Amino acid sequence: MARVAIVTGGTRGIGEAISIALKAQGCTVVANYAGNEAKARAFTEATGIPAYCWDVGDHEATQAGCARVEAEVGPIDVVVNNAGVTRDGTLHKMSFEDWNDVMRINLGGCFNMAKAAFPGMRERGWGRIINIGSVNGQSGQYGQVNYAAAKSGIHGFTKALAQEGAKFGVTVNAIAPGYIDTDMVAAVPASVLEKIIAKIPVGRLGHADEIARGAAFLASEEAGFITGSTVSINGGQHMY
Ligand code: CAA
């Protein structure tokens, strides 16, 4: 039977590429999205992958959403926690709301999804949880105390849950992407982005497919001995 995989924020950007890569690898894929209906519809039409709408930062909505996926598609074997937002600004200008939104969605979303899917994986003796962190969670980034803290938190969350899942056949790993050519990075002011790209040894932004290859590998049967690991895919920007 094909493994059931869910990708949060799975209809756009890096998440879209991961959804497509997991389907190509033979998984039955479900994409979650938060609210961009038009893009979700276009994604489903293009890929045949169903899209389910809920906010992963909302604990109850996530439990209900995953229960619906399990009833309609099957028990969840693979979770890719990709959904994330930025609310960039220097600390002295950052509102509590901008702090809280990023912590609630980017880090809280990982907890909420794991709460829904991990117990079943544990009972069935097989699972893959892949959390999308960030180079900026490893190195810090001017104007991102919220995002860097949440992404750094994801790396700690990964290592702790990996220890709990190991004896049940559940691996938990992270990917730390660098700057990838998505809408999120396109929102960085051009003059700032130019300086960032100048510091990437490979000399360019990454492509979403280059992150998806890593996620598909970590989701595979063959990756069963890799757990608690962070795979950095950043063009050499931060050698961690
Ligand atoms: N280090 C030191 N100083 C810096 C700096 C840096 N990296 N960046 C900016 N500054 C300085 C500026 O030179 C400027 O100094 P002066 O006042 O002396 O001239 C001062 O800080 C103010 O900078 P800005 O004009 O940029 O301030 P702002 O309030 O208009 O904007 C900001 C601040 C919103 C944080 C803006 O700098 C920005 O958008 N930065 C990019 C943040 C970023 O990289 N986000 C990544 C988004 S993509 C992502 O997160 C995906 C992923 O995982 C990689």
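Order of listing sets the numbers, starting from 1, for every ligand and every atom in it. Not measured: the values here are computed from a predicted model.
- Annotation for Gly10 and Ser19: closest pair O-OG, 2.9 Å, computed over non-hydrogen atoms.
- Note on Glu97 versus Arg87: no salt bridge recorded, every NZ/NE/NH1/NH2 to OD/OE distance being 4.0 Å or above.
- Salt-bridge formation is detected for the pair Asp55/Arg104: a Lys NZ or Arg NE/NH1/NH2 atom is positioned less than 4.0 Å from an Asp or Glu carboxylate oxygen.
- Residue-level contacts of ligand 1 at the 4.0 Å heavy-atom threshold are Thr86, Asp88, Lys93, Ser134, Asn136, Gln141, Tyr142, Gly143, Gln144, Tyr147, Gly178, Tyr179, Met184, Val185, Val188, Pro189, Val192, Ile196.
- A side chain to side chain donor-acceptor pair (under 3.5 Å) with Ser232 is found for one member of Gln138, His238, Gln237 and no other, namely Gln138.
- Within 6.0 Å of CD on Glu194 lie no more than 12 heavy atoms contributed by other residues, nucleotides or ligands.
- Legend: salt bridge (charged side-chain N to carboxylate O under 4.0 Å, His left out) pairs involving residues 115-128, not counting sequence neighbours, sorted by first then second residue: Asp77-Arg124.
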